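Because the structure is predicted, anything quoted here is derived from the model rather than measured. Residue numbering restarts at 1 for every chain, and letters A, B, ... go by the order of the sequence lines.
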There are 2 protein chains.
Amino acid sequence: MRWLDATQMRAWRGFLDLHARLAAKLNRDLQRTSGLTLSDYDVLVHLTDVPEGRLRAFELGDGLQWDKSRVSKQVARLAARGLVAKEECEADRRGAYVVLTPAGREAIEAAAPAHVELVHRLVFDTITPEQVREWAAISRAILQRIEAG
Amino acid sequence: MRWLDATQMRAWRGFLDLHARLAAKLNRDLQRTSGLTLSDYDVLVHLTDVPEGRLRAFELGDGLQWDKSRVSKQVARLAARGLVAKEECEADRRGAYVVLTPAGREAIEAAAPAHVELVHRLVFDTITPEQVREWAAISRAILQRIEAG
DNA sequence: GGAATCTGGTTGCCACGGCAACCACATTCG
DNA sequence: CGAATGTGGTTGCCGTGGCAACCAGATTCC
């Protein structure tokens, strides 16, 4: 049977630890400074990335790789806070559009700079441009492997 | 203000996506084949790593970087399933030991090989040894940066 | 020695995510 | 057309994690 050697173990534990620490820190910071969670943030970013700030719910789910129930509930929460609105779809009466509201746009534009700056400080100020490329290549390779099955 | 350039964006999104995909897949697989969650697994691994399979609850929390309430609840759940036992501490009467039971040791030893094999297949069969080293170095650097504040 | 403080651990509350069941509409196919 | 199947989305249930409040036992400091 194959175990992990010391270097692999360091890499694997490092990866898991790094994510746990970063996610915790970024989430706390985001929440504290803007009242948004990382999930809120991700939804709003996806909406700002698209013309009119309008997406079908399932498109949001595909983009975020989220379970559809997660999309549904997250959108419901954001809608309750007025950051997005739900609109019906005429072409497919089952469907729903999720639309960024002015308040939502304001929220994400207020939150993004400090968030991105923190990512810079913690991550990209710490590693070299060459490491950034290598990091991206590694993630990309493994992701493709996962897609393949 | 500093934004993320294209490479940084690829690295960052890749990191987040990779973790989400891997964690989902590994968790599902682990749960299906052994009835353990990743959290269960992590606790049991930490206990097997130590002589007598016995740790103070706070040591477990330090090792896993978990909130103490998380430790408390996770241990309670594992104890209810007979995989660990809680023992009082005589030296500090507030304290509690968490001890791996024979059933717990059996469970982790049954679960580990398939889990590690899956990590191998998805991750380490996909990237070169040089990339493994670089990956570990990157995670390590950023983690140290986070510790520093 | 005793009050203030600290520390280890538990509990309650709430938000969140996964899963399966379900509903409504759409599409396919005989 | 109409039945079967597929798809978009919602809901309920349950396990889980974070946070704050809390409790009991330890420690500090006068």
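- Between A/Y97 atom OH and D/dG8 atom P the separation is 13 Å, expressed in whole Å.
- One finds no salt bridge joining A/R140 and B/D17 here, because no Lys/Arg side-chain nitrogen approaches an Asp/Glu carboxylate oxygen to under 4.0 Å.
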Could you run down the sub-3.5 Å N/O contacts of the protein with nucleotides 14-17 of chain C?
{"unit_1": "C/dC16", "atom_1": "OP2", "unit_2": "A/R77", "atom_2": "NE", "d": "3.3"}
{"unit_1": "C/dC16", "atom_1": "OP2", "unit_2": "A/R77", "atom_2": "NH1", "d": "2.8"}
{"unit_1": "C/dC16", "atom_1": "O5'", "unit_2": "A/R77", "atom_2": "NH1", "d": "2.6"}
{"unit_1": "C/dG17", "atom_1": "OP1", "unit_2": "A/S39", "atom_2": "OG", "d": "2.8"}
{"unit_1": "C/dG17", "atom_1": "OP1", "unit_2": "A/R70", "atom_2": "NE", "d": "3.2"}
{"unit_1": "C/dG17", "atom_1": "OP1", "unit_2": "A/R70", "atom_2": "NH2", "d": "2.7"}
{"unit_1": "C/dG17", "atom_1": "O5'", "unit_2": "A/R70", "atom_2": "NE", "d": "3.3"}

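- Within the structure, every pair that satisfies the side-chain hydrogen bond (donor to acceptor under 3.5 Å, both in side chains) test and touches residues 24-36 of chain A, not counting sequence neighbours, is listed here: A/D29-A/R32.
- Among residue pairs with one or both ends in residues 89-100 of chain A, those qualifying as side-chain hydrogen bond (donor to acceptor under 3.5 Å, both in side chains) are A/D92-A/R94; sequence neighbours excluded.
- Sorted by first and then second residue, the side-chain hydrogen bond (donor to acceptor under 3.5 Å, both in side chains) pairs involving residues 43-63 of chain B (not counting sequence neighbours) are B/R54-B/E87.
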Sequence neighbours excluded and cut-off under 3.5 Å, please list the side-chain donor-acceptor pairs for residues 106-121 of chain B, or say none.
{"unit_1": "B/E117", "atom_1": "OE1", "unit_2": "A/R2", "atom_2": "NE", "d": "3.3"}
{"unit_1": "B/E117", "atom_1": "OE2", "unit_2": "A/R2", "atom_2": "NH2", "d": "3.0"}
{"unit_1": "B/H120", "atom_1": "NE2", "unit_2": "A/W3", "atom_2": "O", "d": "2.8"}

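- Follow the hydrophobic side-chain contacts under 4.5 Å out from B/V43 and you never reach B/F58; the two are in separate clusters.
- Within 6.0 Å of atom CD in B/E88, 12 or fewer heavy atoms from other residues, nucleotides or ligands are found, so the atom counts as exposed in its surroundings.
- Nucleotide D/dG18 holds its C1' atom 16 Å from the CG atom of B/L64, rounded to whole Å.
- Each of B/K86 and B/A24 was matched to the nucleotide of DNA chain C holding its nearest heavy atom; the match closer to the 5' end belongs to B/K86.
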For each nucleotide in nucleotides 20-29 of chain D, reading 5' to 3', give B when a protein heavy atom comes within less than 4.0 Å of its base, S when such contact involves only the sugar-phosphate, and - otherwise.
B---BBS---
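- With the nearest nucleotide of DNA chain C identified for both B/G95 and B/R28, B/G95 has the one nearer the 5' end.
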